[in-house]
Amino acid sequence: MKVRKLLHGFCIVLLAIGGSTVFVLLLSTVTNMLTMFDKSAASFLPAETTLALLHNPPREENDLIPELRDMMRVEAAALLALSDTEQVPVFFRRAADPQAEYSLDLGAYIVTSPSEEALKLLAAGATTPLSEDAAYRQLSDGRERSSSWTFLRRQVLPGAQNLPQQLLEALLFQRSTALATAREGTTLIITLLELGKEYAPETGIPPLPKNHTGDILAMTIRQGQEIWQQTMESMSEEHQIIVRGTVEHLVQRGFGEAVSLQYDVLPLTEKYCLLSLTRSESGTLLFMAKGEMDNRDHLALIIERLHRGMRLHLPMATVKNYSFDNKFFTRNIRRDSSELKEELSMRGDWQIRSTQAIGSPIGLFTATRKGEFTITNAEELLSSLDSPEVQEEGAVPLNRNLLLSTRQGSGWLSKATVLSLMETHLPLFVGKINPPLLPDLPPVILWSTDRRGPLTTIMLQPAVNL
């Protein structure tokens, strides 16, 4: 009797263990299936060969993967590099595509591609999936599963050959190794990643000035010297020489040979610099630059060189003709310093200095206060000293307290007017440009650049009320 009870108890224990094992196996299977079906497309793509991944791409013209134009709902589309010369697309759907020649079931997706080799690569499984790639994780952080955005390796973008295209890409993409793009209404957002590069918190930059009729552009940038340097490094040596030489020529044409781009102009942008271009009612091109330098002695030296250069650069020659017995004629050209007007005055805490030709409203006008400076070629533009900055409705928010650690630059420009100026003064910089990732830009473009850690975010949108 006792033996029978013992055997009965033992069987119950075995059944319990067996049932628990079956339950655990079933639970594990279901969990694995749910996990598999919950995986995103990035979990199935190999990190080393994925050049781009488009999440929830819209049905519109797409230069990166042209096949998307003719497709219905696609949850994700990727571009894989099968070799150095062959790039093929793959498409992730929730439903079968009867027109697809090759397809593969992966989790909740039916994956199709014009390349059978690409599907075999995905079926084999990724040693390191894109979802675990450092660049992808940085750029995807904080994005919702349902959002529409694109991940790109820098090498997927076609290399620029001509000078205008290379200059644009150097300014736009900088030294990024990967980037992401997204749209929010009419705003295009480009996020650049430079692994290994961290940006420390900085002081704030001032807001843009109130706009005036005839404005061409206005912008505020921080650390202009660094931007200039990284732009040069992103271009070929031949194009670097052309750009540097052209800008130096413009500086000397405006201020004379006494002024240097490297030692006088670029140092003015070491902290921040606000630059605006506009036209007067008579059509004269007016500029204004405002900023701040830590080294006040260096600032004073630069201001002195600017005025000396302008003094030597202004046309102050007088011409006299002489005749001898009405047979011989000669012309004498002399520099007449009496045609030069220079003034030094104070306006509150500001020291105002001017150098101009008598009778001309245009010259060089500077205002300095401690490390702050304003430089312009029109005295009327000095009227903004100590006046409160006014922010136009619809412009990028520029609350100084909110942007102390992130804002690198912001501004706006009139596309047609800037292009016209470049055709006149910088013809080498004008040419056929097919900006990657940039559709037709609006007539007036509003932009901002923010840096946080290794990420730089560029926002482009139509300007409102400018």
Side-chain angles (χ1 to χ4, degrees), residues 34-65 68 71 73-80 89-94 106-109 111 122 126 128-157 172-199 396-397 402-403 405-408 436-439 447-461:
L34 291 175
T35 302
M36 176 68 73
F37 276 82
D38 189 52
K39 283 185 176 181
S40 66
S43 301
F44 301 106
L45 292 166
E48 63 274 11
T49 56
T50 302
L51 300 177
L53 176 57
L54 290 66
H55 297 266
N56 303 299
R59 271 196 74 194
E60 59 186 22
E61 185 172 340
N62 190 297
D63 294 329
L64 190 64
I65 303 180
L68 276 173
M71 292 187 173
R73 173 67 175 167
V74 174
E75 188 161 310
L79 193 64
L80 302 183
V90 293
F91 306 99
F92 292 76
R93 306 167 182 268
R94 294 288 182 173
L106 280 179
Y109 298 109
V111 186
L122 295 184
T128 303
L130 182 64
S131 58
E132 296 181 9
D133 179 75
Y136 179 83
R137 293 180 66 177
Q138 287 266 19
L139 291 167
S140 63
D141 186 38
R143 301 184 191 270
E144 295 182 1
R145 182 77 170 265
S146 60
S147 63
S148 177
W149 67 283
T150 299
F151 166 80
L152 295 163
R153 303 282 189 191
R154 178 66 183 272
Q155 64 264 34
V156 77
L157 301 175
L172 187 62
F173 302 129
Q174 303 172 28
R175 291 176 291 203
S176 60
T177 55
L179 58 146
T181 65
R183 279 197 171 276
E184 293 183 3
T186 59
T187 302
L188 174 64
I189 303 172
I190 302 174
T191 306
L192 310 176
L193 174 68
E194 188 179 350
L195 288 175
K197 181 72 173 181
E198 295 285 340
Y199 294 98
V396 170
L402 296 177
L403 303 174
S405 63
T406 63
R407 184 57 50 92
Q408 185 70 15
L437 310 180
L438 296 182
W447 63 271
S448 67
T449 303
D450 293 79
R451 286 180 174 177
R452 188 185 296 274
L455 299 176
T456 299
T457 301
I458 300 172
M459 300 180 67
L460 301 169
Q461 67 186 83

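We count residues from 1, following the sequence as given.
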* **Distance, nearest 0.5 Å, that separates CG of L460 from OG1 of T181** => 11.5 Å
* To do: Could you tell me the separation between the CD1 atom of I458 and the CH2 atom of W447, rounded to the nearest 0.5 Å?
  => 9.0 Å
* Quick one: does L193's side chain get under 4.5 Å of P454's, heavy atoms only? -> yes
* To do: Grab the two heavy atoms, one from N56 and one from S147, that are nearest each other, plus how far apart they are.
  => ND2-O, 2.8 Å
* With sequence neighbours excluded, residues passing salt bridge (charged side-chain N to carboxylate O under 4.0 Å, His left out) with R153 -> D133
* Asked: Just how far is it from atom OG1 of T191 to atom CZ of R143, taken to the nearest 0.5 Å?
  -> 5.0 Å
* Pairwise distance OG(S448) to CD(Q461) - rounded to 0.5 angstrom -> 7.5 Å
* To do: List for me each residue that meets ring-ring contact (aromatic ring centres under 6.0 Å, His included) alongside F91, sequence neighbours excluded, and say none if there are none.
  => none
* To do: Examine R93 relative to Y109 and say whether NZ or CZ is less than 6.0 Å from the centre of the six-membered ring and inside a 45° cone about the ring axis.
  => no
* To do: Drop me the distance from E194's CD to R175's CZ, to the nearest 0.5 angstrom.
  => 5.0 Å
Residues 41-55, side-chain donor-acceptor partners within the protein, below 3.5 Å, at least two apart:
| unit_1 | atom_1 | unit_2 | atom_2 | d |
| --- | --- | --- | --- | --- |
| T50 | OG1 | P46 | O | 2.6 |
| H55 | NE2 | Y136 | OH | 3.0 |

* Testing L455, V156, L172, I190 for side-chain contact (heavy atoms from CB on, under 4.5 Å) with L179, which one passes? -> I190
* Asked: Rounded to the nearest 0.5 Å, how far does OG1 of T449 lie from CG of L192?
  -> 8.5 Å
* What's the shortest heavy-atom distance between S148 and A182, and which atoms? -> O-CB, 3.9 Å
* Asked: Are T456 and Q174 close enough that some pair of their side-chain heavy atoms sits under 4.5 Å apart?
  -> yes
* Asked: Does some side-chain heavy atom of R183 sit less than 4.5 Å from a side-chain heavy atom of I189?
  -> no
* Asked: Can you list the residues that meet the side chain to side chain contact (heavy atoms under 4.5 Å, CB included) rule with R137, with sequence neighbours excluded?
  -> none
